[in-house]
Amino acid sequence: MLGFLTARQAGLDDPLRLRRAESTRRVLSLKLNPDRDVDRIHGNGINTIDIDVIEGRYMLSGGADGVIVIYDLENYSGKPEYTCKAICTVGRSNRHVHKFSVETVQWYPYDTGMFVSSSFDKTMKVWDTDTLKPAEVFEFEGNVYSHHLSPIARKHSLIAVGTKNPKIQLCDMKSGSCIQVLQGHRAEVLSVRWSPRYEYILASASADSKVRLWDVRRAAGSLFTLDQHNGDKSKASSEAVNTAHNGRVNGLCFTGDGLYLLTTGTDDRMRLWNSATGENTLVNYGKVCNESRKRLQFTVSRGCSPEFVFVPCGSSVAVYGLHTGELVTMLRGHYNNVDCCEFHPDYQELYTGGKDCNILAWVPVLRPSDVEEESDGANKGAAGQTSVNPAFQDAWSSDED
């Protein structure tokens, strides 16, 4: 670390190199934090979680009980021991609550005043965070497995939706209606993800063992279908046999720069693809246990060198090197199967939810502080206890519950 600091001060190294080195060190030291709890609200398994990208402060969770909870991750107590409080809940007593299991929740990428949830009750709801009432409700013919809003879109406001119907629905938040259908899959669509690099590029994974990439501006079908054997994509006849996995494909995740796409399937395999060419990079992750019949939410680190993948694996979370396939470690702490992972890029923390109704926080082990730092911290302790300026509080989270 001292070498990195000296090289940065002397102008020999880019400051980004120090940041990446420290981010990587923090990820490699992730541990279950005994000082941090997350309020236990759900009475059933937790299927999905999402952390807002604007402030990195608020976390959504959706459970098999249909309940949606918003947590405040920020610690204002001035003490290392604290609980991430549930500040808003769409509970069973709420007349707008989902009737069945919530499969996906996501913050609106540009404002925490809105979020979207989808459920096995065949609906997707766009919520006003301030009132906890749906501003828009989309209804479908079958169970909704997955939805996704583009994290970078400026020219469209489309939500991609994967349902029991093989057709992918594109819903427009501006008009409140489904404006486009993408046809190509032959079984239910278990996961959909927009590219974080190109706002019109969409990936979809299905129970038909296929992963397709789409340019939603084109009406002539998908751009290409991923082939685990890297066959000749120019042959139209090969389209019928191109499969990404030998089982149901239930997980999709782009890397932070959008250059690569990760997929998981019930064949207990995870594959890394070049998202521009569709080429299988042939990274061998070994056996990645996957028995889920629904969408599996896994995630990739951001800002590290190299990057890491966090994948639910039974009651543990497996951490792999993205480009090497090496199993770095197994994070154990849940009492039942883990269903979802979410990485916090600001602090290199990991949050996981499982069938044991718990959300666990995995936090980097901090470096031991120097004596001078400790004394400075004591002097500043009183300042850390001061109340937050109301100007920086959200209208919907500032009220006392």
Side-chain angles (χ1 to χ4, degrees), residues 30-51 58-73 75 81-93 97-106 117-121 143 145-146 190-191 250-251 253 264 266 268 270 287-299 308-320 327-344 349-365:
L30 282 175
K31 301 289 183 187
L32 185 60
N33 193 333
D35 296 328
R36 188 180 312 184
D37 288 324
V38 179
D39 268 353
R40 181 167 171 159
I41 305 296
H42 292 279
N44 214 320
I46 297 165
N47 295 326
T48 173
I49 54 179
D50 187 47
I51 298 173
Y58 301 108
M59 180 172 67
L60 279 166
S61 68
D65 51 3
V67 172
I68 299 171
V69 185
I70 301 176
Y71 304 89
D72 188 345
L73 303 180
N75 178 13
E81 306 89 5
Y82 76 101
T83 298
C84 301
K85 295 293 185 182
I87 53 177
C88 299
T89 303
V90 182
R92 300 308 305 171
S93 60
V97 71
H98 283 288
K99 294 181 176 62
F100 302 121
S101 173
V102 176
E103 294 301 305
T104 311
V105 291
Q106 185 187 3
S117 65
S118 56
S119 166
F120 270 9
D121 65 6
N143 296 344
Y145 288 100
S146 174
L190 300 178
S191 184
N250 59 358
C253 185
T264 57
T266 54
D268 292 337
M270 181 165 64
K287 183 178 180 180
V288 182
C289 296
N290 183 353
E291 299 176 354
S292 177
R293 303 288 295 174
K294 306 186 297 182
R295 182 181 81 109
L296 187 72
Q297 182 183 338
F298 65 105
T299 189
F308 303 94
V309 190
F310 305 93
V311 190
C313 190
S315 61
S316 305
V317 178
V319 184
Y320 293 94
L327 177 61
V328 178
T329 187
M330 297 287 285
L331 303 177
R332 295 180 172 88
H334 283 278
Y335 298 111
N336 207 328
N337 284 359
V338 180
D339 286 327
C340 51
C341 302
E342 186 69 10
F343 184 74
H344 198 317
E349 298 171 348
L350 182 73
Y351 290 86
T352 59
K355 287 185 170 60
D356 58 1
C357 310
N358 290 319
I359 297 177
L360 300 183
W362 307 84
V363 179
V365 175

So, for [X] and [Y], which heavy atoms are closest and what is the spacing to 0.1 Å?
| X | Y | answer |
| --- | --- | --- |
| L60 | I70 | CD2-CG1, 3.5 Å |
| F298 | V311 | CB-CA, 4.0 Å |
| C289 | C313 | CB-SG, 3.6 Å |
| I49 | S61 | CG2-CB, 3.8 Å |
| K85 | D39 | CA-OD2, 3.5 Å |
| G66 | V97 | O-CG2, 3.4 Å |

Working to the nearest 0.5 Å, report the span between [atom1] of [X] and [atom2] of [Y].
| X | Y | atom1 | atom2 | answer |
| --- | --- | --- | --- | --- |
| N336 | C357 | CG | SG | 8.5 Å |
| T264 | N290 | OG1 | CG | 5.0 Å |
| N33 | L350 | CG | CG | 12.5 Å |
| S119 | I68 | OG | CD1 | 8.5 Å |
| R92 | H98 | CZ | NE2 | 10.5 Å |
| Y145 | T104 | OH | OG1 | 11.5 Å |

### Option from I359, L360, T83 for which side-chain contact (heavy atoms from CB on, under 4.5 Å) with D37 holds
T83

#### Entry: Selection residues 352-365 - residue pairs positive for side-chain hydrogen bond (donor to acceptor under 3.5 Å, both in side chains), sequence neighbours left out
R40-N358, H334-T352, H334-D356, D339-K355, T352-W362

### Set of side-chain hydrogen bond (donor to acceptor under 3.5 Å, both in side chains) partners for S191, sequence neighbours left out
none

### Message
Once side-chain hydrogen bond (donor to acceptor under 3.5 Å, both in side chains) is applied, do any residues pair with E349, and if so which ones, sequence neighbours excluded?
### Response
R36, Y351

How would you list, by chain and number, every residue that makes a side-chain contact (heavy atoms from CB on, under 4.5 Å) with [X], sequence neighbours excluded?
| X | result |
| --- | --- |
| R293 | R248 |
| S315 | none |
| K31 | V365 |

So do [Y] and [X] actually touch side chain to side chain, heavy atoms under 4.5 Å?
| X | Y | result |
| --- | --- | --- |
| V69 | V67 | yes |
| R295 | T48 | yes |
| K294 | N143 | no |

### Message
Taking G43's backbone N and O only, do any of them form a donor-acceptor pair with D65's side chain (distance below 3.5 Å, no angle check)?
### Response
yes

### Task
Tell me whether the centres of the aromatic rings in F310 and Y320 are closer together than 6.0 Å.
no

### Query
Which is it for S101 and E103 under the side chain to side chain donor-acceptor pair (under 3.5 Å) test, yes or no, and what are the steps along the way?
CA-CA 6 Å; S101 173; E103 294 301 305; 2.7 Å; yes

### Query
Can you list the steps and then say if D35 with Y82 is a side-chain contact (heavy atoms from CB on, under 4.5 Å)?
CA-CA 6 Å; D35 296 328; Y82 76 101; over 6 Å; no

